[in-house]
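Written below as structure tokens is the structure these notes are about.
Just so we're on the same page: letters track the sequence lines, and every chain starts at 1.
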Number of protein chains: 2
Amino acid sequence: MATGRTHRPATRSRGIPEATVARLPLYLRALTALSERSVPTVSSEELATAAGVNSAKLRKDFSYLGSYGTRGVGYDVEYLVYQISRELGLTQDWPVVIVGIGNLGAALANYGGFASRGFRVAALIDADPAMAGKPVAGLPVRHTDELEAIISDNGVSIGVIATPAGAAQQVCDRLVAAGVTSILNFAPTVLSVPEGVDVRKVDLSIELQILAFHEQRKAGEDSPSPAAPAAAARSGAGVRSSASRKGPDGDVPAVMPA
Amino acid sequence: MATGRTHRPATRSRGIPEATVARLPLYLRALTALSERSVPTVSSEELATAAGVNSAKLRKDFSYLGSYGTRGVGYDVEYLVYQISRELGLTQDWPVVIVGIGNLGAALANYGGFASRGFRVAALIDADPAMAGKPVAGLPVRHTDELEAIISDNGVSIGVIATPAGAAQQVCDRLVAAGVTSILNFAPTVLSVPEGVDVRKVDLSIELQILAFHEQRKAGEDSPSPAAPAAAARSGAGVRSSASRKGPDGDVPAVMPA
DNA sequence: GTATGTGAATAACTTCACAGCC
DNA sequence: GGCTGTGAAGTTATTCACATAC
């Protein structure tokens with residue numbers, strides 16, 4: 001989801017819609033799987049199913065890249081893999097640093113899919129001196145003091161922040177000052193960055209909250225059908241002070257927030 | 001980010017736009033921070049800045065919830081916290097199971113923000129018998145055999161999948177069969193679920209690829225005419241009937257994909 | 001016959017700008 | 001005077017449906 005695009009007022013000329021860009025990795029993954037099974041061609045319908053979108057959307061997306069299919073036949077798998085990879089910039093190597101080697105940072109470092117496609121972990125960085133030198137996922141953890149040197153020595157332009165929330169902005173500032181222009185933020189904070197720097201965030205708690213929203217609606221469903229397994233009615237406590245407030249007051253079983 | 005909404009054709013009546021729902025957790029976080037600093041009221045401008053959006057959007061978002069502000073003054077922090085929490089369904093307790101206690105699963109289990117707001121880790125589940133009983137984040141890991149019992153005993157409706165890609169669909173099927181109707185998927189796979197089940201995914205590699213796309217553009221910035229239709233004789237997969245191919249062929253230093 | 005590519009139609013989302021209320 | 005709430009305008013994304021090409 002979700003990101004803080006900061007630059008580019010919506011590229012003119014060869015502009016690929018942001019929504020399309022966000023789906024290209026999905027297509028690429030599905031195509032790679034087909035490629036591994038040596039499937040030579042695929043129709044928009046099949047590929048769309050594999051990627052979890054509908055075929056019209058997929059065809060429209062591909063139309064922004066060019067005319068890479070063959071009418072009456074479909075798409076050449078290998079060729080498409082290449083085109084999408086190129087479009088995404090995966091035909092080059094992207095060194096990445098991960099800052100904050102706690103539980104999450106270590107998990108990210110160990111995540112295979114990382115290296116698999118264009119990305120290479122150039123270094124793991126942590127502020128804890130006790131961590132320095134300790135190997136994680138085969139790489140020695142480096143101390144934060146070295147951050148700037150690591151960035152510039154390796155030509156790193158993408159940084160991953162997996163620190164506690166409190167340290168994130170500071171780390172971000174240093175990364176940016178050192179030359180990083182794309183940041184993937186796992187810390188639950190809004191980062192502020194200068195123009196020209198892209199930030200994307202991944203936030204467990206936000207995702208869960210969105211799910212809870214929909215889950216809540218399912219429970220309070222007007223009743224008739226959807227075979228509700230009705231996972232036990234949870235009860236709450238507390239009371240709401242009513243008062244004037246006009247909002248569309250909902251059902252909701254009461255209970256106070258934090 | 002992105003998700004596979006599966007049900008609800010966009011609720012009529014009290015329908016809050018999906019884009020708005022996705023931002024409520026952001027507002028909530030910013031408000032909670034203000035609340036902790038005992039700030040009594042906040043303007044749309046201030047709150048918007050703290051949440052990383054613009055104020056018009058924020059006001060529009062809030063307008064879907066009701067009229068919770070005071071003209072000329074702003075919003076009452078505590079009151080808004082409560083309203084948003086309620087809207088998101090966080091005024092109730094959501095037991096959650098995490099399946100797949102590898103590096104990532106353990107990181108998730110240890111993630112504090114988890115319990116902090118309405119969510120409670122009911123159980124950690126892993127397929128490895130050797131893991132069974134071992135404590136992670138203070139909870140004993142349970143074996144997959146117990147999955148169904150755990151779900152129903154605890155009234156779990158939200159499941160988190162942190163297994164390898166290969167196991168994800170199978171785990172998903174079992175979760176759904178056992179009564180889970182919301183899934184947060186960290187495995188790099190498209191899950192297929194029946195109508196009525198919500199899936200959201202979190203995918204490191206997709207996020208990085210999106211960043212790489214933009215990063216690539218930054219590098220090739222300004223150049224007047226985007227990409228010279230250079231030869232770029234795509235070697236791969238002979239089959240290609242040369243000619244035709246109109247796509248905006250790019251520069252790119254060659255290199256074949258996987 | 002079959003499946004792509006794409007204009008046109010529709011829907012969702014964002015931003016503007018200002019009336020309304022404090 | 002200041003700030004919210006919201007119609008209206010503008011923008012982006014999705015879906016339709018069919019001409020076009022194999």
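Across its full length, the helix from C:dG1-D:dC22 to C:dC22-D:dG1 shows an angle of 0° between the axes of its 5 terminal pairs at either end, rounded to 10 degrees.
Ring pair A:Tyr68/A:Phe62: centre-to-centre distance not below 6.0 Å.
A heavy atom lying under 4.0 Å from DNA chain D marks the following residues of residues 36-44 of chain B, by number: B:Ser43, B:Ser44.
Summarising the geometry, the separation between CG on A:Asp76 and P on C:dA3 is reported as 16 Å, rounded to the nearest angstrom. Between the CG atom of A:Leu58 and the C1' atom of C:dA3 there is a distance of 12 Å, rounded to whole Å. In this structure, the CG atom of A:Leu65 is 12 Å from the C1' atom of C:dG5, given to the nearest Å. What separates CZ of A:Arg23 from C1' of D:dT15 is a distance of 12 Å, to the nearest Å. In this entry the distance linking CG of B:Asp61 with P of C:dT15 reads 10 Å, nearest Å. Atom pair B:Glu45:CD and D:dG1:P shows a separation of 19 Å (rounding to whole Å applied). We find that OH of A:Tyr68 is positioned 19 Å from C1' of D:dA21, with the value rounded to whole Å. The distance from atom CZ of A:Phe62 to atom P of C:dG5 is 9 Å, rounded to the nearest whole Å.
Contact of the A:Gln209 side chain with the B:Leu24 side chain is not registered, since no non-hydrogen atoms from C-beta on lie closer than 4.5 Å. The shortest distance between side-chain heavy atoms of A:Pro40 and A:Tyr75 does not fall below 4.5 Å.
Across all their heavy atoms, A:Pro25 and B:Ile206 have their closest contact at CB-CG1, 3.8 Å. For A:Pro194 against A:Val176, the heavy-atom pair with the smallest separation is CG-CG1, 3.7 Å. Closest heavy-atom contact between B:Asp76 and B:Thr41: CA-CG2, 4.2 Å. Between B:Trp94 and A:Gln216, the shortest heavy-atom contact is CH2-N, 3.9 Å.
Side-chain contact of A:Thr91 with A:Arg86: a donor-acceptor pair under 3.5 Å is absent, judged by distance alone. With no hydrogens or angles considered, no side-chain donor-acceptor pair links B:Glu45 and B:Thr49 at under 3.5 Å. Side-chain contact annotation: A:Thr189 with A:Gln169, donor-acceptor N/O pair under 3.5 Å absent.
For A:Ser67, whose side chain is taken as the heavy atoms from C-beta onward, the closest listed nucleotide among D:dT6, C:dT6, D:dT15 is C:dT6.
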Atom pairs under 3.5 Å, N or O on each side, protein against nucleotides 16-20 of chain D: can you list them with distances?
| from | atom 1 | to | atom 2 | distance (Å) |
| --- | --- | --- | --- | --- |
| D:dT20 | O2 | A:Arg71 | NH1 | 2.4 |

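For B:Arg29 and A:Asp203, the salt-bridge test passes: some basic side-chain N is under 4.0 Å from an acidic carboxylate O.
For D:dT14, neither phosphate oxygen OP1 nor OP2 lies less than 4.0 angstrom from any side-chain nitrogen or oxygen of A:Tyr64.
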